[in-house]
Amino acid sequence: MNNSGKIDIPARVEAAVASAIYDVALPIDTMGVTFHDGALNDVTEAYRAEPDATLAAADARFAAHMATVAAAASDDEAEGPMLRARAAMALKERLKEL
């Protein structure tokens, strides 16, 4: 929670995305993403308190990372943001399953 007593949803979503671990052996359509338990618990708490805002924050992180991918000068430069975009989508799907 921030100083006003409200949950900082974007910060929790970003922390979960940053904690992502990717199983690159899995096909991309299965996502192959796991999250650090502490970060996932925090974002799950945010989702339970404000589901629409939490999903919107995941969408915003996805869009921001994809914008970075689109602006990348090379595939190597795009790889990190693409993985984080993948994590944002995986997080959204996981939350929607709750």
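Nothing here was measured: the structure is a model prediction, and the numbers come from that model.
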Flag the pair Asp59 / Met89 as yes when at least one side-chain heavy-atom distance between them is below 4.5 Å, and no otherwise.
-> yes

May I ask you to decide whether Glu97 forms a salt bridge with Arg94, counting only side-chain N to carboxylate O separations under 4.0 Å?
-> no

Provide the closest heavy-atom pair for Phe62 versus Ala85 in the form atom of the first, atom of the second, distance.
-> CD1-O, 3.3 Å

Minimum heavy-atom separation for Ala58 to Ala88, with atom names?
-> O-CB, 3.7 Å

Taking the side chain from Ser19 and the backbone from Phe35, do they hold a donor-acceptor pair closer than 3.5 Å?
-> no

Within-4.5 Å side-chain heavy-atom neighbours: Arg61 and Glu14 = yes

Looking only at heavy atoms, the pair that brings Val69 and Ala78 closest together is CG2-O, 3.8 Å

Dump the intermediate steps for salt bridge (Lys or Arg N to Asp or Glu O under 4.0 Å) on Arg48 and Glu45, then the final yes or no.
-> CA-CA 5 Å; Arg48 288 191 172 126; Glu45 178 185 338; over 6 Å; no

Is Leu40 reachable from Leu98 through a run of I, L, V, M, F, W or Y residues, each pair having side-chain heavy atoms under 4.5 Å apart?
-> yes

For the residue pair Tyr22 and Thr34, establish whether any side-chain heavy-atom pair is separated by less than 4.5 Å.
-> no

Answer yes or no: are there more than 12 heavy-atom neighbours, outside Glu77 itself, under 6.0 Å from its atom CD?
-> yes

Leu95 versus Thr44: any side-chain heavy-atom pair under 4.5 Å?
-> yes

Point-to-point distance, once rounded to the nearest 0.5 Å, from CZ of Arg12 to CD1 of Ile7 = 5.0 Å

Any idea which heavy atoms bring Ala16 and Leu91 closest together, and the distance?
-> CB-CD2, 3.9 Å

With a 4.5 Å heavy-atom cut-off, do Val17 and His65 have their side chains touching?
-> yes

How long is the span from the CD atom in Glu50 to the CG atom in Leu55, to the nearest 0.5 Å?
-> 11.5 Å

So which heavy atom on Ala90 is nearest to which on Val33, and how close?
-> CB-CB, 3.8 Å

Where is the tightest heavy-atom contact between Ala39 and Ala15, given as atom of each residue plus distance?
-> CB-O, 3.9 Å

